[in-house]
Amino acid sequence: MASTATTAVFAPKSQATFFSRRPFPASAPSTISFDRSGSRAPFFGQALRLVVDSPKISTLCAARTLERDSSTEVTAASVGGTAKPTVLVSEKLGEAGLELLREFANVDCSYNLTTEELCAKISLCDALVVRSGTKVTREVFEAAKNRLKVVGRAGVGIDNVDLQAATENGCLVVNAPTANTIAAAEHGIALLTAMARNVAQSDASMKAGKWQRNKYVGVSLVGKKLAVMGFGKVGSEVARRAKGLGMHVISHDPYAPADRARAVGVELVSFDEAVSTADFISLHMPLTPSTSKIFNDENFSKMKKGVRIINVARGGVIDEDALVRALDNGIVAQAALDVFAVEPPPKDNKLVQHENVTVTPHLGASTMEAQEGVAIEIAEAVIGALRGELAATAVNAPMVPSEVLSELAPYVILAEKLGRLAVQLVGGGSGIKGVKVVYTSSRSPDDLDTRILRAMVTKGIVEPISSEFVNLVNADFIAKQRGLRISEERIFHDGSPEVPVDSIQVHLANVESRFASAISDSGEIVVEGRVKDRVPHLTGVGSFSVDVGLEGNLILCRQIDQPGMIGTVGSILGENNVNVNFMSVSRTAPRKHAIMAIGIDEEPDKESLRKIGEISAIEEFVFLKL
Ligand SMILES: NC(=O)c1ccc[n+]([C@@H]2O[C@H](COP(=O)([O-])OP(=O)(O)OC[C@H]3O[C@@H](n4cnc5c(N)ncnc54)[C@H](O)[C@@H]3O)[C@@H](O)[C@H]2O)c1
Ligand SMILES: O=C(O)[C@H](O)COP(=O)(O)O
């Protein structure tokens with residue numbers, strides 16, 4: 001994979017190359033329409049394109065208004081009135097945000113709607129503003145009958161919005177990712193201190209007429225070890241505050257830059273070290289396929305007896321039944337939970353009822369200040385989107401002109417998949433800092449604007465490990481915010497200028513890998529890809545050449561080169577009904593080491609992965625999701 005050709009650092013071109021900002025005057029005949037395909041990762045073939053072109057909004061805005069709850073309800077019978085769009089606010093939103101919305105739109109604040117009521121209203125609305133309590137399902141998007149242009153989530157998590165259905169129905173989803181960070185961190189600290197001193201339990205006891213001073217002796221925080229799991233926006237603020245309480249703070253976050261943690265006086269450690277040495281464990285990682293139920297029986301059993309756990313992240317990172325068992329057998333002395341796998345949890349939920357558990361109903365973001373902040377942030381994003389402006393907090397829309405996409409589409413997919421693969425190869429606790437993207441191309445720098453490719457690499461790296469959504473507008477900002485230094489290099493390739501890019505390499509410097517063979521001779525994780533017949537392929541891992549189509553999932557194995565390996569692994573996958581779509585083997589020399597890359601359609605179960613790991617000739621392997 002190494003190349004000796006010339007290198008140049010790219011300077012980004014003006015944004016205007018990629019975006020057309022067309023204002024959306026309320027009086028003009030206009031519609032925002034989108035390409036219909038796509039999902040959470042759609043910059044390209046599946047991309048949304050913002051086009052302003054028809055009289056939909058003026059019709060939708062011709063609405064008679066009715067007073068309700070100091071806001072406005074729009075009915076199907078509405079006629080006449082102003083050419084304003086209609087915004088349905090289905091959960092309580094800060095007044096400052098409502099005021100902004102009212103200046104621009106007819107605002108209907110209707111809370112606690114049933115799904116039927118929401119579906120009945122939604123076809124009369126251009127925008128919907130929610131928090132985490134409104135389930136914006138496919139049914140809702142379909143009931144909107146194409147009128148709904150934007151869903152604004154006044155907060156971070158969009159777990160309650162069906163993004164795929166939103167995209168398929170041409171609806172933009174925007175969120176407000178930063179305004180409630182401090183509130184969530186403060187709530188984490190509130191739960192930590194309240195739990196340590198039995199505040200909730202002793203309050204309930206006194207209200208029941210008791211005076212139980214001996215029963216509610218607490219534990220001190222000073223000098224105790226706190227493990228912050230996830231050193232992102234909220235986790236780092238919790239760490240800062242916990243240090244102020246005199247705690248010894250460590251953190252586990254495989255992707256956070258170590259110097260950021262050091263600046264707060266926090267050491268980044270491995271998962272096992274964090275959970276096995278801490279007195280308190282505070283959870284601040286996002287809910288992703290790899291963090292789902294990560295706190296399970298196996299990991300509770302590694303913890304110090306009497307550990308205390310705080311969760312203000314997402315309920316799904318804990319296996320709740322396993323936590324009940326860990327509380328009952330004394331491994332976990334206490335837990336303080338703001339979030340639950342199902343919200344609201346059933347009344348008889350064992351954790352909610354448990355004497356040693358302090359619970360709050362998802363209040364992390366619920367301060368006056370945070371709610372004003374998210375309300376303003378989301379109102380601005382929703383108004384901007386209705387006007388046809390770019391939304392930096394767009395969750396499902398990149399808005400890239402089709403002419404750019406048509407040429408770069410497969411490279412854009414390749415760039416994201418390489419980022420996604422590279423981040424999954426990271427192991428240990430050192431954190432990612434330097435990312436280098438190397439393009440081999442025969443085009444001159446003026447003929448190849450790589451911003452979209454760089455943005456896609458960032459998207460691939462950031463989205464699987466965080467609650468952030470990356471698009472072309474915010475990619476550089478998000479990378480900077482997370483301490484990721486992304487540099488680009490071009491290597492001249494003497495080929496056809498018809499082909500925009502010959503290969504893309506993603507290098508991650510100063511990191512350990514879960515798959516040692518992904519570390520190249522230069523000591524970096526390196527993955528390389530090429531587009532063949534418009535299909536992205538992985539063509540290099542570390543110092544090995546491979547060739548596997550980037551579709552579905554991938555298994556990488558390093559093995560002793562010997563007969564029968566392909567068959568042995570293939571049969572294990574076959575027994576698990578996992579279809580192999582591509583396979584390539586590359587070796588250093590006959591009967592020495594070989595790397596096998598296997599593209600598979602489905603995700604193998606744990607048992608099959610265990611069996612592959614037990615094949616004696618296999619020295620290491622890793623399963624990666626594309
Ligand atoms: N309770 C609430 O009201 C409330 C409010 C705000 C945020 N949240 C939740 O808190 C969580 C964190 O939010 P944030 O804004 O700090 O997100 P963030 O994206 O800024 O930080 C998440 C961090 O977790 C790290 N991470 C990813 N996978 C990990 C893993 N396997 N192990 C350890 N670390 C891992 C990421 O590298 C990142 O640094 C999210 O789930 C968010 O939805 C809850
Ligand atoms: O995702 C978020 O922003 C938090 O979990 C807060 O959710 P909420 O807006 O429903 O309080």
Side-chain angles (χ1 to χ4, degrees), residues 90-94 129-135 152-161 175-188 190-191 227-239 251-257 260-261 268-272 274-275 281-295 299 310-318 336-340 343-344 360-367 370-371 373-375 377-378 393 395 423-424 426-429 431-432 461-470 478 481-484 514:
S90 67
E91 287 174 76
K92 186 134 181 52
L93 191 70
V129 177
V130 301
R131 285 178 64 189
S132 58
T134 307
K135 307 279 175 261
R153 160 60 167 117
V156 187
I158 37 87
D159 339 30
N160 52 319
V161 181
N175 71 349
T178 54
N180 64 26
T181 296
I182 298 297
E186 287 179 351
H187 197 59
L191 288 179
V228 171
M229 308 301 286
F231 198 77
K233 294 189 290 294
V234 179
S236 56
E237 293 297 338
V238 165
S251 177
H252 170 67
D253 185 330
Y255 318 105
R260 288 216 155 179
L268 288 178
V269 298
S270 68
F271 181 91
D272 281 1
V275 298
I281 301 178
S282 192
L283 313 187
H284 302 288
M285 64 247 287
L287 178 59
T288 66
S290 57
T291 61
S292 173
K293 295 193 179 175
I294 193 169
F295 294 92
N299 286 327
I310 304 105
N311 189 7
V312 291
R314 282 293 180 265
V317 300
I318 294 181
L337 309 173
D338 183 46
V339 283
F340 302 87
E343 293 186 0
T360 50
H362 201 146
L363 290 182
S366 294
T367 62
Q371 284 312 308
V374 288
E377 199 175 337
I378 207 61
T393 58
V395 163
V423 76
Q424 290 179 72
V426 173
I432 308 173
I461 291 175
V462 171
E463 285 192 349
I465 58 165
S466 81
S467 33
E468 320 253 26
F469 294 90
V470 178
I478 284 185
Q481 203 186 33
R482 300 181 66 83
L484 284 180
R514 294 165 58 207

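Note that ligands are numbered from 1 as they come in the structure, with each ligand's atoms numbered from 1 the same way. Any value given below was found using the heavy atoms of this structure, including those in side chains, with hydrogens, waters and symmetry copies removed. None of the values given here were measured: they were computed from a predicted structure. Positions are given from 1 along the sequence.
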> Select one of side chain, backbone, both or neither to describe which atoms of N180 lie under 4.0 Å from any atom of ligand 2, heavy atoms only.
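For N180, the contact with ligand 2 is made by the side chain alone.
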> Please work out which of H187, H252, K233, H284 has its closest non-hydrogen atom nearest to atom 15 (O) of ligand 1.
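Residue with the shortest heavy-atom distance to the ligand atom: K233.
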> For ligand 1, find out whether one of its N or O atoms is nearer than 3.5 Å to an N or O atom of T291.
no
> Between T181 and ligand 1, does any nitrogen or oxygen pair lie at a separation below 3.5 Å?
no
> Test of understanding: given a 4.0 Å heavy-atom threshold, classify the contact between R314 and ligand 2 as side chain, backbone, both, or neither.
side chain
> For ligand 2, indicate whether the residue R153 contacts it via side chain, backbone, both or neither (heavy-atom separation under 4.0 Å).
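It is the side chain that touches ligand 2; the backbone stays farther off.
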> For ligand 1, is any non-hydrogen atom under 4.0 Å from D338's backbone (N, CA, C, O), its side chain (CB onward), both, or neither?
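D338 to ligand 1: side-chain contact only, backbone stays beyond 4.0 Å.
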> Does the side chain of D338 pick up a donor-acceptor pair with the side chain of T360 at under 3.5 Å?
yes
> Does A365 approach ligand 2 within less than 4.0 angstrom via side chain, backbone, both or neither, non-hydrogen atoms only?
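The part of A365 near ligand 2 is the side chain, not the backbone.
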> Judging by distance only, is a nitrogen or oxygen of N180 under 3.5 angstrom from one on ligand 1?
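Not met; the criterion fails.
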> Given that the side chain starts at C-beta and the backbone is N, CA, C, O, which of these parts of A184 lies under 4.0 Å from ligand 2, counting heavy atoms, or is it both or neither?
neither
> Only heavy atoms count here, so choose which of A184, P286, A179 is nearest to atom 24 (O) of ligand 1.
P286
> Closest by any non-hydrogen atom to atom 9 (C) of ligand 1: pick that one out of A274, A313, G230, A370.
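Result: the heavy atom closest to atom 9 (C) of ligand 1 is in A313.
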> Just going by heavy-atom distances, which of A256, S467, S466, A365 is nearest to atom 40 (C) of ligand 1?
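Result: the heavy atom closest to atom 40 (C) of ligand 1 is in S467.
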